[in-house]
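Following: one structure in structure tokens, then a few remarks.
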Number of protein chains: 2
Amino acid sequence: MNLKQLSALLGLSQTTVSRALNGYADVSEATRARVLAAAEAHDYRPNTRARALATGRSGVIGHVIPRINTHAMVNPIFADFIAGAGETYSQAGYEMLISVVDDGEEEKAYLSMKRRGLVDGLVVSAPRMNDPRIALLDEIGLPYAVHGRATGADRPYCWVDVNNRRAFARATDFLIDLGHRRIGLINGLETMDFAHRRRQGYEEALRARGLAPDAALTRQDEMTEGYGWRAARDLLALPDPPTAFLVSSVICMLGVRRAIDEAGLVLGRDVSAITHDDQLSYLRDDGPVPTFTATRSSVREAGQRLARMVIDRIDTPQVPHVHELLEAELIIGRSTGPAPG
Amino acid sequence: MNLKQLSALLGLSQTTVSRALNGYADVSEATRARVLAAAEAHDYRPNTRARALATGRSGVIGHVIPRINTHAMVNPIFADFIAGAGETYSQAGYEMLISVVDDGEEEKAYLSMKRRGLVDGLVVSAPRMNDPRIALLDEIGLPYAVHGRATGADRPYCWVDVNNRRAFARATDFLIDLGHRRIGLINGLETMDFAHRRRQGYEEALRARGLAPDAALTRQDEMTEGYGWRAARDLLALPDPPTAFLVSSVICMLGVRRAIDEAGLVLGRDVSAITHDDQLSYLRDDGPVPTFTATRSSVREAGQRLARMVIDRIDTPQVPHVHELLEAELIIGRSTGPAPG
DNA sequence: AGGGCTTTCCAAAGCGCTTTTGAAACTGGA
DNA sequence: TCCAGTTTCAAAAGCGCTTTGGAAAGCCCT
């Protein structure tokens, strides 16, 4: 059933039926009711492609995810982020298009999407320092919003980010309050903006309390369970090991806990640890008292907000750029306690 | 730059330019070369929407993922599966559309996608027993392929699945060979087809070796770390505890290991465990000898194959339904050893 | 009765492609 | 030289929608 057939069936013109369906004022309420009823009865849906061609808008928002060949890694937050964004899109009548491209081909992908008129807007993920994608998107004129910030990008843009600096500063502060003086940082790759900011927060908090950051106590790498284990094991083997850890993700934290267990220590008594918790649905820390003390911020919610932001940007491109800085909650669980001794 | 402008620029008709670009034979090689050069020079890309309208094919394949409100869970394999499928799509010139819908609205979503001409084909995930979606898709005439099988579906359809039954039978066999007699099963929800088949394999292998399955040794639930921990803890607290476990996912396995550690036991010596390993990129078990003995099968590869299967289905709908049963590898790691005593 | 408004509808153009149909130019054979 | 057959291109008709630019009908007022 298409518009032509539906209007023939009603004895009306395509114009009238189209305008009735789209809520224009220049059609009487009586005929609008008739049209609506007929559309309902025949389960009519306007053809997306035709509408897109006629209006010049596709109703689709793109997410480009780089495929990293060298270490075929998919970001673990991807699923929950997409789920959050997808919820908002479907409520707003948008569709989500995901394009997997070779690493480094992202800019080419953006251009191609624009040229082909595939999407109305884009979500940019995992910004790096001085990320060139931002300038490119402004240049080609595609609305977008960024998940995270790109330190060094000199132009204004829309973003949603967690206050990583503050979160890790608070966590560090909390550990210092508990009497910890040697605090290890098991960070993500610091080419990633969020990891960079977390280190800043960590170091600032240490300095604010008169403690000098010790490079020997910090590690950075891709955040796997194995990395968490190796990093914690190595740090615990130091002559003067840390009594507490800051850990960049729950997956890492699972490895850290393993290393602590294997060292014959008790987490929360002999060694404390705070992790950042993105509230990944398959790693959620339920129970009355959470297992891990954590800086908690829902990546799913970030997805929702970012989706909303892109949609707003598409609807009203002229308004000034907006930002949302989400504060992480400090959740006290059982993985922290007073410094021993 | 659109077709009209490009053809005006070349002094050719739109027809000729279009057919030159699309590789038709009725355009001389000389003009084809001219067209190709001009298209390249101006970075011309045909407008997707217009092409879709003209050809009746959108070049888009849909993935519908249900949003489960009650326990906002996203399947952990989602990210890697999507990454695999996305790789194949982009190589084949397709786009991937992901639609997040409320749980139970999947059938409505399929219908709507068909009516609106949004997608050329669909990937169906997480089939349940007697899944009604299969009949629906046949009825509305959308090409599709299923990730997994739906026990009880009486009609033929295309699928890619892991041989879960065989994998768990082999793992059980392996444990029996090591001398284990009491083997616990920490399974996923058995309303899910794959979990159902895993239990079958487990029980068949036990019976084949003259062992009676003991319901007291099995658990099923959503596969989180916490569930793995609780299940293993409870089973280890039995008067006559199992000496080995079969575990449904690596995330679960992390919880199982924790319970074993906390019980003061050593994994691979006092207690053995085999997990199924989907090779999730952020949980990959690297190192010379893997930490976990596992039945291993790449969900990323499953995504690639499924994507290929849908594309083939779109191209040639008349050919008989095809299936791919992927055999899981049994990887011997350090989490298994001879039964104690 | 006639002019200006408002309300309600429609014909037709257009979005940017593909594809059908057919025409022009060129070829070779008798 | 003429005709049939081939090669190469173009005009125009769609694809299914939205939107522009009226037009017809009804209303009120003078």
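Residue numbering restarts at 1 for every chain, and letters A, B, ... go by the order of the sequence lines.
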Hey, is the side chain of A:T15 poking within less than 4.0 Å of OP1 or OP2 on C:dC10, counting only N and O atoms? no
Is it the case that the base of D:dT8 and the side chain of B:T16 share a donor-acceptor contact (distance under 3.5 Å, atom types as modelled)? no
Minimum-distance nucleotide (side-chain atoms of B:S18 versus D:dT19, D:dA10, C:dT18): C:dT18
Listed in order of residue number, which residues of residues 31-60 of chain B have a non-hydrogen atom at under 4.0 Å from DNA chain D? B:T31, B:L53, B:A54
So, is A:Y24 close to the C:dT8 phosphate, meaning a side-chain N or O under 4.0 Å from OP1 or OP2? no
Taking CG from A:L12 and P from C:dT7, how many angstroms apart are they, rounded to a whole number? 20 Å
Among A:D193, A:D161, A:D131, whose side-chain hydrogen bond (donor to acceptor under 3.5 Å, both in side chains) with A:R149 holds? A:D161
Tell me: NZ of B:K4 to P of D:dA11, nearest whole Å? 13 Å
How many Å lie between CZ on A:R19 and P on D:dT19, as a whole number? 7 Å
Could A:R308 and A:E324 be called an ion pair, given the rule that one side-chain N must be under 4.0 Å from one carboxylate O? no
Ignoring hydrogens and angles, state whether a donor on the side chain of B:S112 or B:R116 is under 3.5 Å from an acceptor on the partner side chain. yes
Nearest heavy-atom contact between B:V119 and B:L142 is O-CD2, 3.8 Å
Just by distance, with hydrogens left out, do B:N75 and A:Y282 show a side-chain donor and acceptor under 3.5 Å apart? no
Could you please name the option among C:dC17, D:dC9, D:dT19 that lies closest to any side-chain atom of B:L3? C:dC17
Relative to each other, are the rings of A:Y89 and A:Y94 parallel, tilted or perpendicular (30° and 60° limits)? tilted
d(CG, B:D26; P, C:dA25) in whole Å: 18 Å
Counting distance alone, no hydrogens or angles: does the base of D:dC17 have a donor or acceptor under 3.5 Å from a partner atom on the side chain of A:N2? no
To the nearest Å, give me how far apart CG (B:L118) and C1' (D:dC17) are. 14 Å
From CG of B:L10 across to C1' of D:dA10 the rounded distance in Å is 14 Å
Whole Å only: how far is the CD atom of B:Q14 from the C1' atom of C:dG14? 13 Å
Anything under 30° is parallel, anything over 60° is perpendicular, the rest tilted; go ahead and classify A:H323 against A:W159. parallel
Under 4.0 Å from OP1 or OP2 of D:dC9: is there any side-chain N or O of B:S28 that close? yes
Mind calculating the distance between CD (B:E29) and P (D:dT7) to the nearest angstrom? 13 Å
